[in-house]
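Only one structure is covered here, and it is reproduced in the block below.
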Amino acid sequence: MKIEEVKKLLEEDMNNVTSLNELNELKNKYLSKTGLITVLNSEIKNVPNEEKKEYGMKVNEVRNLFNEFYETKKAEYEEALLNEKLSKEAIDITLPSKRVKRGSKHPMTRITEQFEDLFVSMGYTVYEGPEIESDENCFQKLNLPKGHPARDAQDTFYLKDEYENFLLRSQTSTAQVRAMEDNKEKGPIRIVCPGKVYRRDEDATHSHQFMQIEGLVIDEGVSMADLKGTLETFCKRILGEKTNVRFRPSFFPFTEPSVEVDVTCFKCGGKGCPLCKQTGWIEVLGAGMVHPNVLEMSGYDSTKYQGFAFGTGMDRFAMFKYGIPDIRTIYGNDIRFIEEFDRKDDE
């Protein structure tokens with residue numbers, strides 16, 4: 001076909017295009033490998049040299065005519081398709097929306113955050129250690145040598161083929177050992193160590209895994225009075241200002257002297273009830289002055305520095321605060337149980 005014939009046919013086809021598909025078919029008709037414009041362009045080799053320039057210009061004129069038409073129409077059709085799609089998928093923002101299910105913090109997360117916020121406000125630093133610990137850090141450097149009877153209740157979850165070397169820590173006191181050793185200058189320390197610990201207990205009030213938080217203060221001139229003031233503030237802030245605190249002499253290998261700390265029963269207010277076994281008191285934590293042997297094994301001069309340490313199970317405080325009767329419920333992964341605590345924290 002001649003250039004004039006192709007141009008005339010193109011103009012007719014352009015007037016008949018009504019959709020994007022037809023437009024693409026037109027492109028194939030004129031610009032594919034066998035398209036009419038492509039064929040015209042390939043014929044240039046048969047045109048006399050003196051006419052090649054004029055011939056090429058006319059072919060380009062037809063090509064440009066098609067390209068301009070194609071780009072303009074393509075944009076129009078794509079915009080129309082987009083508007084049609086938007087119209088069909090339009091959302092009426094005035095309609096009531098579906099309720100988005102909101103997650104809830106686990107009670108242990110809530111208690112941990114409360115404890116950390118309280119102690120940070122008192123100048124403590126949060127220090128975390130690994131859950132897999134050496135026997136040396138878990139027992140020996142806490143004044144519990146091999147064969148010590150106090151190890152019996154905690155000497156449990158050892159790693160396979162690593163007996164007497166590594167185990168799942170039974171107390172977060174191991175983080176205290178690491179903190180003292182990390183303090184190369186052997187200066188004052190004020191830390192709390194929250195985290196999971198593991199023992200073989202499992203009943204309504206104990207679990208083989210539970211959360212513990214321990215505190216450690218080391219400085220010059222630290223006394224039992226500092227420990228008492230700290231724990232009274234802690235118990236009153238967590239359990240309520242009306243809470244009374246009682247200290248009883250006790251024994252822990254890593255503290256001397258050692259005390260057990262009781263608080264007035266949160267249920268009966270100290271009058272006596274089945275929860276506190278009619279005593280009016282509930283034991284919540286253990287504490288004491290850091291044993292000189294523990295200080296020395298971690299590189300501290302026990303003649304210059306003194307310290308106090310305390311530890312408690314955060315699960316127990318969660319049970320007191322939220323009225324949870326069985327510790328195993330805390331780790332049951334029941335979403336209905338977790339959702340209850342949004343309301344309780346608002347009360």
Atom CD1 of residue position Ile132 - does it have more than 12 heavy atoms of other residues, nucleotides or ligands inside 6.0 Å?
no
Measure the shortest side-chain to side-chain distance between Trp281 and Thr264 over non-hydrogen atoms and say whether it is less than 4.5 angstrom.
yes
Is it the case that atom NZ in Lys58 sees more than 12 heavy atoms from other parts of the structure closer than 6.0 Å?
no
Thr230 side chain to Asp226 backbone, donor-acceptor under 3.5 Å:
yes
Would you call Lys186 and Asp301 a salt bridge, taking side-chain N to carboxylate O under 4.0 Å as the test?
no
Mark yes when over 12 heavy atoms from residues, nucleotides or ligands other than Lys236 sit less than 6.0 Å from its NZ; otherwise mark no.
yes
Using the rule that Ile, Leu, Val, Met, Phe, Trp and Tyr join whenever any side-chain heavy atoms are under 4.5 Å apart, tell me whether Met297 and Phe308 fall into a single cluster.
no
Short question: side chain of Gln171, backbone of Cys138 - any donor-acceptor pair under 3.5 Å?
yes
Taking the side chain as everything from C-beta on, heavy atoms only, tell me whether Lys228 gets closer than 4.5 Å to Val245.
no
Would the distance check show the side chain of Tyr55 and the main-chain N or O of Leu40 forming a donor-acceptor pair, the cut-off being under 3.5 Å?
yes
Judged by atom type as modelled, is there a donor-acceptor pair below 3.5 Å linking the side chain of Gln212 to the main-chain atoms of Thr172?
yes
Could you go step by step and tell me if Asn67 and Leu31 meet the side chain to side chain contact (heavy atoms under 4.5 Å, CB included) rule?
CA-CA 10 Å; Asn67 285 337; Leu31 293 181; 3.6 Å; yes
Any donor-acceptor N/O pair, Thr312 side chain to Val284 backbone, under 3.5 Å:
yes
Taking Asn183 for its side chain and Gly187 for its backbone only, find out whether a donor-acceptor pair lies under 3.5 Å.
yes
Answer yes or no: is there a donor N or O on one side and an acceptor on the other, between the side chain of Lys73 and the main chain of Thr18, under 3.5 Å?
no
Crowded around Lys277 NZ? As in, over 12 foreign heavy atoms under 6.0 Å?
no
Is it the case that atom CD in Glu220 sees more than 12 heavy atoms from other parts of the structure closer than 6.0 Å?
yes
Do Tyr322 and Ile111 make a side-chain contact, defined as non-hydrogen atoms from C-beta onward lying under 4.5 Å apart?
yes
Is the backbone of Asn41 close enough, under 3.5 Å, to the side chain of Arg63 for a donor and an acceptor to pair up by distance?
no
How long is the straight-line distance from OG1 of Thr174 back to NZ of Lys141, given to the nearest 0.5 Å?
12.0 Å
With a 3.5 Å cut-off and no angle check, do the side chains of Tyr198 and Glu131 form a donor-acceptor pair?
yes
Could you check whether any side-chain N or O of Tyr30 sits under 3.5 Å from a backbone N or O of Leu10, counting only pairs where one atom can act as donor and the other as acceptor?
yes
In terms of ring plane angle, is the pair Phe69 and Phe66 parallel, tilted or perpendicular, where the classes change at 30° and 60°?
tilted
Tell me whether Asn143 contacts the main-chain N or O of Val294 through its side chain, where contact means a donor paired with an acceptor under 3.5 Å.
no
Look at atom NZ of Lys45 and say whether more than 12 heavy atoms of other residues, nucleotides or ligands are closer to it than 6.0 Å.
yes
Please identify which of these residues, Lys8, Lys2, Lys7, meets the side chain to side chain contact (heavy atoms under 4.5 Å, CB included) condition with Glu5.
Lys2
Mutual orientation of the aromatic rings belonging to Phe234 and Phe115 [parallel < 30°, tilted 30-60°, perpendicular > 60°]
perpendicular
